[in-house]
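Okay, so here's the structure we're looking at.
All of these numbers come straight from a predicted model, not from anything done at the bench. Within every chain, numbering begins at 1; the chains are lettered A, B, ... in the order of the sequence lines, protein sequences first and strands thereafter.
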Number of protein chains: 2
Amino acid sequence: MSDLLSVAKLAGVSRATAARAFSSPDLVRPATREKIFNAAQQLSFRPNKVAQQLRSQATQMIGVMVPSLDNPVFAEQLQAMEVAARASSYSLLVTTSEYSPSREEEIVEEMLRQRVDGLVLTVADAGNSAVLEKLRLENTPCLLVYNPPGNSGYASIGVDNNAAGADATRHLLTLGHERIGMVAGPLLQSDRAQQRYEGYRHAMRDAGFKPRPVVEMNRHTQADLASLTPELNGPDFLTAVICTNDLLAISLMGELQRAGFSVPGDLSVMGFDGIALGKHLYPSLCTIEQPRAEIGRTAVQTLLAMIRGESCTPAPLPHALRQGESVGIPTFRKSMLGTS
Amino acid sequence: MSDLLSVAKLAGVSRATAARAFSSPDLVRPATREKIFNAAQQLSFRPNKVAQQLRSQATQMIGVMVPSLDNPVFAEQLQAMEVAARASSYSLLVTTSEYSPSREEEIVEEMLRQRVDGLVLTVADAGNSAVLEKLRLENTPCLLVYNPPGNSGYASIGVDNNAAGADATRHLLTLGHERIGMVAGPLLQSDRAQQRYEGYRHAMRDAGFKPRPVVEMNRHTQADLASLTPELNGPDFLTAVICTNDLLAISLMGELQRAGFSVPGDLSVMGFDGIALGKHLYPSLCTIEQPRAEIGRTAVQTLLAMIRGESCTPAPLPHALRQGESVGIPTFRKSMLGTS
DNA sequence: TGAAAGAATGAGATCGATCTCATTTGTTTG
DNA sequence: CAAACAAATGAGATCGATCTCATTCTTTCA
């Protein structure tokens, strides 16, 4: 691979002049410039970004860490980030933490060594995160996505999960549901899921109903009907559930229907996130839509502002209730699993 | 950010020795090593990868270009690639082409400037691609994913789309379907979709049936029922369709059901790709499963082998028919849309 | 004890681009 | 035509790590 020096030699000028021909062409006499460009062409010269990065002490790279790309929420966010980054001549170094704190640390360390200009992270629990503590000592700009702001001290891009959880609940309440449950992944380990649950409890109490404990599924994005069955039985059976993410909701709907239940006839199901696919299902998924693309775009733009040294306190982005066929009016029913 | 030189100074040794303490500790006397590590700790030294990359002429970075991360096929592949790459201490520079040839060129140029050690690309049409032509002149290892091998001269990781298309068709034929259609995105512009169609035609002819022309949808991953309606009508109405990707199949199923058709009662629907979600739907999606994770993993491993200078001709990976509730035995029916 | 072999360390060049500052070339004008 | 100024170019240092080769310091054993 030819370098600038060989181009300069072939053109009969110094490295400095050759460099100028590219970075500030107007400082070079047109004839000289022409010679340099010709030489570059001839040698198929391609500027070496690594050298530029070392010299300029800036990589024009953003380090991105998401829990997993198997969840479309993150993939869709990343898609938007990539477009936004490229529009500003930045590249993305992408990693997945698989929800593992130790991986989170390795990854961030690695990215700091790579001297990324900034970091966009989604951590498991922002309020209690080793990585974020470590990062506090660094001066690399860092931004959270989806994690609730406030309990970490870091700026964060995302929706108000608490309010969103309440909105979801109120939607169901408005339709006449009273016995509403919340379905979450294991241990409720994600801070956003917790906030959504808070919002749910708040809305339930406000309406004069008793919030229920979370129904925990074994996996993050796949429902197991067995865990829910008890709640569908007995005098207090649920008429609606809110899942902490869309994948959970979709697989729950599938399981329910496969077991002979009707959605929303027997149980209304709401999701959370608003992944694109939910719209096209039948029944279509009623969900709280996070503006995933906008979140990604805003994250990049905010981070770039921070890199430029501007201080900025991003506001929460608006979420929206997406109506869907998976939610209906509660009908009077007997216990669906009644053995009596 | 402190550099090796300051560490060396603080430890009272030369840069060379300080560097050795990290790269080959056994060449440094334990006492000296200790001093250096202490100094490094004290200055919170973090090796600069950019400098290492410049010096070693290797970035340990793989450039990845996929059409879009909004499609879980690519996201799931990328997820696996990331894990595999990190396991070998490589990083991923991720970009999306949005199916645009001009973007493809910009992206590849950018990645070459970044001196990635290798490229993993999924292009729109490998047989007719400007980027690939340009890349032929470079000596950066390059690997295709999903694109059919053969018509480009590049090694490629993926399944045998032709055989897979035939397998899908034969599955339907075995169940008794005869009037089977194929549904694709706009212009059949993807080379893999074309191959799948070839396989379909082959299988149909082998079975003594007339292959039908492709039913083209307006969008890549979203079905519009109107385009299909004519085929569901008249004496020759379809009893089954194969979609060229899962997203198309899922949205088609939704549209059909929403319009009052039953799946598979009125129409059996097959997908292609095997995205994770399909399993959890109801009806679950019958599809040809590409081993997306294995494809990603193999792509990384093959590319790393190429980077090491080993020559390798990857074999196609096995696809599998995933049974699903979206396909059934054809029932005798009248034209579903009959206006008579 | 001394010389030879081996271990440990340092000086300096290198990777490729770019910046500063000095120097040369070219242009303008009295 | 020469002086004064502006434009164009070059020499050399720099970014941070690492490699080569030379040098110094330890061992070891005759």
Side-chain angles (χ1 to χ4, degrees), chain A residues 1-37 39-40 43-61 89 109-117 139-140, chain B residues 1-37 39-40 43-61 89 109-117 139-140:
Chain A
M1 189 113 335
S2 74
D3 61 349
L4 203 46
L5 182 52
S6 34
V7 172
K9 276 183 189 156
L10 180 58
V13 299
S14 71
R15 279 171 314 174
T17 304
R20 265 188 291 258
F22 291 99
S23 54
S24 15
D26 41 324
L27 288 185
V28 176
R29 194 187 304 167
T32 317
R33 205 191 307 155
E34 211 52 37
K35 274 192 299 182
I36 294 169
F37 287 164
L43 298 172
S44 56
F45 165 72
R46 174 173 293 126
N48 186 325
K49 269 214 142 200
V50 177
Q52 293 177 327
Q53 289 165 349
L54 178 61
R55 176 65 229 231
S56 68
Q57 302 287 54
T59 51
Q60 305 231 100
M61 295 202 307
S89 316
E109 173 64 25
E110 180 62 21
M111 287 179 157
L112 291 176
R113 291 184 176 198
Q114 181 59 65
R115 299 296 192 271
V116 294
D117 290 346
N139 52 359
T140 302
Chain B
M1 190 114 334
S2 74
D3 60 350
L4 246 190
L5 182 52
S6 33
V7 171
K9 275 182 190 156
L10 180 58
V13 299
S14 71
R15 279 172 315 178
T17 305
R20 265 187 292 256
F22 291 99
S23 53
S24 15
D26 41 325
L27 289 185
V28 175
R29 194 187 304 168
T32 317
R33 205 191 305 155
E34 211 51 37
K35 274 193 297 181
I36 294 169
F37 287 163
L43 297 172
S44 56
F45 166 72
R46 175 173 294 128
N48 186 325
K49 270 214 142 197
V50 177
Q52 294 177 326
Q53 289 165 348
L54 178 60
R55 175 66 228 232
S56 68
Q57 300 286 59
T59 51
Q60 305 232 98
M61 295 202 306
S89 317
E109 173 64 24
E110 179 63 20
M111 287 179 156
L112 291 176
R113 291 185 176 197
Q114 181 60 64
R115 299 296 192 270
V116 295
D117 290 346
N139 52 358
T140 302

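Look at B:Ser14 and you won't find any side-chain N or O under 4.0 angstrom from OP1 or OP2 of C:dT9. In terms of phosphate contacts, A:Gln52 brings a side-chain nitrogen or oxygen within less than 4.0 Å of OP1 or OP2 of C:dT18.
Of all the heavy atoms in B:Ser2 and B:Phe45, the pair that sits closest is OG-CA, 3.3 Å. The minimum heavy-atom distance between A:Phe22 and A:Ala18, with the atom names listed, is CD1-O, 3.2 Å. Closest approach of B:Val7 to B:Ala39, counting heavy atoms only: O-CB, 3.7 Å. Between B:Thr59 and B:Asp117, the shortest heavy-atom contact is N-OD1, 3.0 Å.
Put simply, the side chain of A:Arg15 and the base of D:dG12 share a donor and an acceptor less than 3.5 Å apart.
The side chain of B:Leu54 lies closest to C:dC15 when the candidates are D:dA13, C:dA8, C:dC15. Here the side chain of B:Arg20 is nearest to one of C:dG10, C:dA17, D:dA17, namely C:dG10. Checking C:dT20, C:dA17, D:dA17 against the side-chain heavy atoms of B:Ala51 singles out D:dA17 as nearest. Here the nucleotide nearest the side chain of B:Asp3, chosen from D:dG16, C:dG10, D:dC15, is D:dG16. Nearest nucleotide to the side chain of A:Thr17, out of D:dG10, C:dG16, C:dG10: D:dG10. Relative to the side chain of A:Gln57, the nucleotides D:dC15, C:dT20, D:dT18 differ in distance, and D:dC15 lies closest.
One atom, CG of B:Leu4, and another, P of D:dC15, lie 14 Å apart when rounded to the nearest Å. Distance CZ (A:Arg46) to P (C:dC15): 19 Å, rounded to an integer number of Å. Spacing between atom CG of B:Leu27 and atom P of D:dC21 amounts to 16 Å, rounded to whole angstrom units. Between the CD atom of B:Gln114 and the C1' atom of C:dA17 there is a distance of 14 Å, given to the nearest Å. In this entry the distance linking CD of B:Gln60 with C1' of D:dA17 reads 14 Å, nearest Å. Atom C1' of nucleotide C:dT18 and atom CG of A:Leu5 are separated by 13 Å, given to the nearest angstrom. Taking atom NZ of A:Lys49 as the reference point, atom C1' of C:dT18 lies 15 Å away to the nearest angstrom. Distance, A:Phe45 CZ to C:dT18 P: 8 Å, rounded to whole Å.
Counting any heavy atom pair closer than 4.0 Å across all strands shown, B:Arg29 reaches sugar-phosphate atoms only and no base atom. Nucleic acid contact class of A:Thr32 (heavy atoms, under 4.0 Å, all strands): sugar-phosphate only. Within 4.0 Å (heavy atoms only), A:Val28 reaches sugar-phosphate atoms of the nucleic acid but no base atom. Backbone-only contact: B:Val13 has heavy atoms under 4.0 Å from sugar-phosphate atoms and none from a base.
When each of A:Gln52, A:Gln53, A:Lys49, A:Gln60 is tested with B:Gln114 by the rule side-chain hydrogen bond (donor to acceptor under 3.5 Å, both in side chains), just one qualifies, namely A:Gln53.
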| said: Checking A:Arg33 against A:Arg20 for the side chain to side chain contact (heavy atoms under 4.5 Å, CB included) test, could you report, in this order, the C-alpha distance in whole Å, the side-chain angles of both residues, the deciding distance, and whether it holds? | reply: CA-CA 9 Å; A:Arg33 205 191 307 155; A:Arg20 265 188 291 258; over 6 Å; no
| request: Check step by step if side chain to side chain contact (heavy atoms under 4.5 Å, CB included) holds for A:Ile36 and A:Thr17. | output: CA-CA 9 Å; A:Ile36 294 169; A:Thr17 304; 3.9 Å; yes
| request: Verify side chain to side chain contact (heavy atoms under 4.5 Å, CB included) between A:Arg46 and B:Arg115, making sure each step is shown before the conclusion. | output: CA-CA 10 Å; A:Arg46 174 173 293 126; B:Arg115 299 296 192 270; 3.7 Å; yes
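With the nearest nucleotide of DNA chain D identified for both A:Ala16 and A:Pro30, A:Pro30 has the one nearer the 5' end.
The C1' atoms of five pairs define one axis at each end of the helix from C:dT1-D:dA30 to C:dG30-D:dC1, and these two axes lie 50° apart (to 10°).
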